[in-house]
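One structure is given here, and the rest of the page talks about it.
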Amino acid sequence: MSETSRPALTIRMHGDDNVAIVANDGGLAAGTLLPAGVPGAGITLRDKVPQGHKVALTDIARGAVVRRYNVPIGYALKDIPAGSWVHERLLQMPAARALEGLPIASFATVRPPELAPLQGYTFEGYRNADGSVGTRNILAITTTVQCVAGVVAQAVARIKSELLPSYPNVDDVIGLEHSYGCGVAIDAPDAVIPIRTLKNISLNPNFGGEVMVVSLGCEKLQPDRLLPPGSFPISDERDPALGPETVCLQADHHVGFMSMLDDILQSARPHLARLNARRRETIPASELVVGVQCGGSDAFSGVTANPAVGYCADLLVRAGATVMFSENTEVRDAVEQLTSRAATPEVAEAIIRELGWYDRYLDRGRVDRSANTTPGNKAGGLSNIAEKAMGSIIKSGTSAISHVLAPGEKLKATQRGLVYAATPASDFICGTLQLAAGMNLHVFTTGRGTPYGLAECPVIKVATRSDLARRWHDLMDVNAGKVADGEASIEDLGWELFRLMLDVASGRRKTWAEHWKLHNSLVLFNPAPVT
Ligand code: CA
């Protein structure tokens, strides 16, 4: 008997899998007979199986492989009869694939069927002087150090209430607040990561090339170190050799707090005026730079939302756009699929270099990729990182991987197509690093549910299950649960998402996170020591 009104439904990802997941809201009770037409038809459930969790489709002997997505996600710790609930306590996780002897760039020799170019799709965006395109028109105030955060927050509030009404074409004013800048080993080799991340975020296409900096004065990360003169375009007529335009709170001319706020407001005016003069223009879809990630994943992530995002990723690549996927610990178990899909041997080597660096980073903390999974992932049916990884990389679609970015690096204008931006899987850190890479649109899939959003860039959230989409109707932008309900195909949803992206990029539609102003903090990835 199903606990819901719908007939019992199971979903198997590959014909050779010996487990399927239960799709029904509320799961299925012990004693349920799986009906004709679904994987495992004729099997009676021996246990209650929660929604999103796995059921054994055959008798699985102790030590035998448990297979999902046609890859081993674990080995049975005891005999598992058909119809049993297969949960993480019954599985031994497979070892991570060594980074030696991987298949390299098979795509270079065995070309997959060429995806036909997709032409004629456009959006309305803001063309920047460097050729990049913004989907929003935002004044972002760069900060060199956390010490100035409170002052900048008050300055931003005053700019919004006192100045912004006079500049109606400017979407927002934000302070790029962070926890870095001082009290850190700034000369440690890995300090390059947080420093270039901050620099590159201040150059994100949604900020129109308008760089203004608020500094304390005595901090380690001096403005010239963050934004070396000549290393970034300057929007106004000032001499580029002067470096970034900076308000320094410790400057002698400041007497009292109001003097600092007035200085920041005064400095903001010309930037607001230039941003306000910009207008959206029709731009080919090839200028989209879409960052995809998932968070609060469940077993449906890899069945509904992530495959739909993957289909959409292929549409974007066909349209000449850039798609970044990330999350080192969630691709580690699929590394041979990534190195096979590399467009060139150099790209495959870069993937191995980044994942090897990350293995050693985790090793320093005496953990490995298995530290990734959360209690919520497991409650949602994901037994371990091997299973989670297979569902995660589906977001990347099927095209060849054309480039690899190290954490905090920025895409070059020539780097298009499918890009692996090597970042931690942490939602906030991944989003922060994708902003630094130049993301102008963000897609985020979730099964357990997260209200995640960014002030810097629109975030389209995709629910993996209809139950979540119903309950969080004013937080989720797309319901991929329609796939599990049999109401839409992966292709339908991929196209729905693609069209929604063009609308959101054009400012015709706001995401729910924008509507409610749900903004997560920038969280820098600092693998270097603090002092
Ligand atoms: Ca994530």
Side-chain angles (χ1 to χ4, degrees), residues 52 193 197 290-310 312-313 323-335 338 354-355 358 361-362 367-382 384-397 405 407-408 419-437 439 441-454 456-465 468 472 475-478 480 511 513 518-525 527:
I193 293 176
T197 302
V290 179
V292 302
Q293 72 153 321
C294 46
S297 298
D298 67 1
F300 282 98
S301 298
V303 176
T304 60
N306 291 351
V309 169
C312 184
V323 179
M324 285 185 278
F325 72 112
S326 296
E327 303 176 294
N328 289 335
T329 50
E330 292 178 13
V331 307
R332 180 62 181 81
D333 283 87
V335 60
L338 299 193
E354 289 303 322
L355 294 184
Y358 209 78
Y361 164 75
L362 292 175
V367 294
D368 63 19
R369 78 224 195 273
S370 66
N372 170 299
T373 38
T374 66
N377 292 154
K378 291 182 178 179
L382 291 172
N384 56 41
I385 186 62
E387 181 177 15
K388 187 174 171 179
M390 297 309 145
S392 179
I393 66 155
I394 289 186
K395 299 196 291 296
S396 65
L405 292 181
V419 175
Y420 184 66
T423 82
S426 155
D427 297 351
F428 343 103
I429 296 179
C430 174
T432 299
L433 291 170
Q434 289 184 342
L435 282 172
M439 162 171 80
L441 195 61
H442 201 11
V443 175
F444 194 105
T445 67
T446 183
R448 307 293 297 169
T450 167
Y452 175 86
L454 294 173
E456 295 81 7
C457 172
V459 180
I460 296 173
K461 287 208 295 299
V462 184
T464 71
R465 296 175 297 130
L468 175 67
W472 287 34
L475 290 163
M476 294 292 138
D477 300 292
V478 176
T511 67
L518 300 176
H519 298 156
N520 284 101
S521 298
L522 297 177
V523 183
L524 295 176
F525 179 39

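Just so you know, ligand 1 is whichever comes first in the structure, and atom 1 is the first atom listed for that ligand.
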3.0 Å cut-off (strict), protein N, O or S atoms about the Ca ion (ligand 1): 5
Main chain of Ala513, side chain of Lys461: is a donor-acceptor contact present, judged purely on distance under 3.5 Å? no
By side-chain contact (heavy atoms from CB on, under 4.5 Å), Thr374 pairs with (sequence neighbours left out) Asn377
Considering residues at least two apart in sequence or located in another chain, which fulfil the side-chain contact (heavy atoms from CB on, under 4.5 Å) criterion with Ala313? Val323
Worked verdict on Glu330 versus Ile385 for side chain to side chain contact (heavy atoms under 4.5 Å, CB included): CA-CA 7 Å; Glu330 292 178 13; Ile385 186 62; 4.2 Å; yes
Under 3.5 Å side-chain donor-acceptor pair for Asn306 and Thr445: yes
May I have all residue pairs that pass salt bridge (charged side-chain N to carboxylate O under 4.0 Å, His left out) and include part of residues 292-304, sequence neighbours excluded? Asp298-Arg465
